[in-house]
Amino acid sequence: MVLELEKRLAQRLRAVLKEKYALDVENIPLETPPDLHLGEIATPIALQLARTLRKAPKIIAQEIVAALGSVEGFVRFEVAGAGYINAFLDRAEAAQVVAAPAAQISSKRLLHAMVEHTSINPNKAAHIGHLRNAILGDTFVRLLRAAGYKVDVQNYIDNTGVQVADVVVGFLHVEKKSVAEVRTLIAVCGDLAKIEGPKAAIDYYCWDLYANTSQWYTSGSPEENEVRKKLRYSTLHAIEQGNNETAEIADLISTAVLRRHLETMLRLDIEYDFLPRESEILHLKFWESAFEKLKQSGVLYFENEGKNKGCWVMTRPGAAAESVQDQDGPKGTDEDAKVIVRSNGTVTYVGKDIAYHLWKFGLLGRDFGYNPFFTYPDHECWISSVQGQEIHPQFGNATAIYNVIDARQSDPQSNVIQALRGMGYTEQADHYTHFSYEMVALTPRCAEELGYSISDEDKKKSYIEVSGRKGFGVKADDLIDKLIETVQPLVDEKQASSPEPVRREIARQIAIGALRYFMLKVTRNSVIAFDFKDALSFEGETGPYIQYAVVRIRNIFRKGGMDPEAELAALAELAEIGPYLSGEENEDIWSLWLRAGRRSQVLEQCIATSEPAYLAKHAFQLAQEFANFYHRHHILTEEDPARKTFLLATAAVTLRELVASLALLGIESPEAM
RNA sequence: GCGCCCGUAGCUCAGCUGGAUAGAGCGACUGACUACGAAUCAGUAGGUCGGGAGUUCGAAUCUCUCCGGGCGCACCA
């Protein structure tokens, strides 16, 4: 509602500026006044134009207001302060618009977006850092879909990397297991996990093995360590090669761990459409196609001198200006260039990534094979394969891509964008978003609670980076389990009369709500210093606070024997609701309605800035305003029938908006709690 | 050495394209359960927005500089 009114006002203002001052102003600045006494929408446009028009801002503002005339939805405009123009809404009309059933989103945006997130190396259990990635990515997918985008969700699997090799080394050379034994182990873990939970699962087993093996490389005599290092690289090569026992173990393990990751994420309502794997990017020779294109476009050149002699390299972003400067000087080699193909002819990670991203945009001229891999209640998740099924859905050919990857990888990401740009794919490069976020770290206190021994140096830090290699971190399933364990007694106490399965479901919903909100309330580029005290909180600015507001509203309608949507519809029948929305004593109610009408505005802002935190904030503030309203106005005992209908509609509209906002955040709204 | 991010209340964080009196939550203190559930609400205390300079009618927000903290800058993946 607010979004539409803002657009209408901006359009009218543009027209006025055009006819009165012959000015074309593309972006009319609109903001929210600090207080409702100053209207609902304000613009400092007159302040901005003071200089160009050589007039006092106040005079300009008055002239604009005089020229505005009447605008539908607004009752008046005022000049205030140094030259603000404040717009006042027709409150009754606005409330009716908010109350009306939401119009279907126009699917005129035919943007086909591809969001890649999670992308955990399939050699160990997922930890809290991966949770932040997956929750951010999944939430953004929900936002894009709500805005009318067609979205494919991808989870990239690096199943041939050195991390997987390390675990394979662990099985073969530390534990000295055979292929058959590994196969048995995976089966046993799978059965055990069904009874004992995630702690018995294969990804937990690998978590320890990976940490042990990493240590094993440096724990022997210098000669032994030398041998072990060589083992590591021969294992990696064998995996890349394929068709051997080592590769078979790697495939068994990475596939089993991948399944575990999908199960863990499903606990948080996170699903995927396609799992492209590194192994197919290698075996289907994506790189060879990309290499030709890169050479042809001149993005890659062969280096004949310097430290990168014998390599195919590309200029780094930002280095372009310098090389132009160097023109008259001695043609020095660009020592800083990024190596894409090594002197031994193998391709680097960035090279493979360029090939993969050409595929994403449908520019590679090759495709994966596809096999079904994981079945969700309402759709299938596909995985890449060399030879896939004949009938499969189409992936790739995206018009916009979002890569949810942590901020540490911004360098390689910008290399890929640079390559696209260099190849002339400007449009694609512009629609390539590195959806970056900062890491989740542990506070020293939290690390000690978990039983890790902390160096004195680390104790002084405000946070310590988690590390899969060291086995240092909080596992995702452990955190989810701990959240459930913490809420369950509360639910059991408050919902004592409900049957046990119902109580368990409520505890689950609350736990997931708490976790998702915890990860989403912080903006992307702030480091989360993880602490159980904050993560396990269900009070204040948390997911459960918002869920509780929903439950209280539902209780009102349950107790009154009424239906929220019917009460909302009844609002339209009321003769005059204006009086309920004006006057000092009703400002809080109007404020609640106004916020309820802001969802699409907030959604648009989230997408424009790739920042889901705004919506998390919006949901909390709406719940907070409702809690205040709830205490001040007792609805069911209201004697004036018209006012009672109005109050019920207020609760109903809040319910609808809260549930919708929570759903966009991937948080369920319990019936009771 | 180069690049990116961060520094706002005791703690954890918001503050949108510069705009009106810098906001939440937690913690502390005071108060509210005989009314739709107190996982709640009302109130009090707590800030020279890291320091300095600049641009501007106007700066937490933009520029520069310094200080402090974090992360990247391989022919590893």
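Numbered from 1 within each chain, the chains take letters A, B, ... in sequence-line order. Given the structure is predicted, the values throughout are model-derived calculations rather than measurements.
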Roughly how far apart, to the nearest Å, are B/rU12 and B/rU17 at atom C1'? 28 Å
N/O (side chain, A/R552) to phosphate O (OP1/OP2, B/rA38) under 4.0 Å: yes
Rounded to whole Å, how long is the line connecting atom CG of A/N121 with atom P of B/rA77? 13 Å
Using the C1' atoms only, state how far B/rC73 lies from B/rU21, rounded to an integer number of Å. 45 Å
Using a 4.0 Å heavy-atom cut-off across all strands, classify A/P29 as base, sugar-phosphate, or nothing. nothing
Can you tell me if A/Q624 touches the phosphate of B/rG25, counting only side-chain N or O atoms and a distance under 4.0 Å to OP1 or OP2? yes
So, is A/Y614 close to the B/rG15 phosphate, meaning a side-chain N or O under 4.0 Å from OP1 or OP2? yes
Considering just the side-chain nitrogens and oxygens of A/R558, establish if one lies under 4.0 Å of OP1 or OP2 belonging to B/rC36. no
For A/F77, all residues meeting ring pair (Phe, Tyr, Trp, His ring centres under 6.0 Å), sequence neighbours excluded: A/F74
Hey, does the side chain of A/N525 come within less than 4.0 Å of B/rC5's phosphate (OP1/OP2), counting only N and O? no
The salt bridge (charged side-chain N to carboxylate O under 4.0 Å, His left out) partners of A/E305 (sequence neighbours excluded) come to none
Nucleotide B/rA38, atom C1' - distance to CD of A/E493 in whole Å: 12 Å
What distance, rounded to whole Å, do you find between the two P atoms, one in B/rU65 and one in B/rC4? 11 Å
Watson-Crick/G-U partner (both atom distances under 3.5 Å) of B/rA35: none
With a 4.0 Å cut-off on heavy atoms, is A/A651 in touch with a base, just the backbone sugar-phosphate, or nothing at all? nothing
Euclidean distance for C1', B/rC49 against B/rU61 (whole angstrom): 10 Å
For A/Y156, is the NZ or CZ atom of A/R277 found under 6.0 angstrom from the centre of its six-membered ring and inside 45 degrees of the ring axis? no
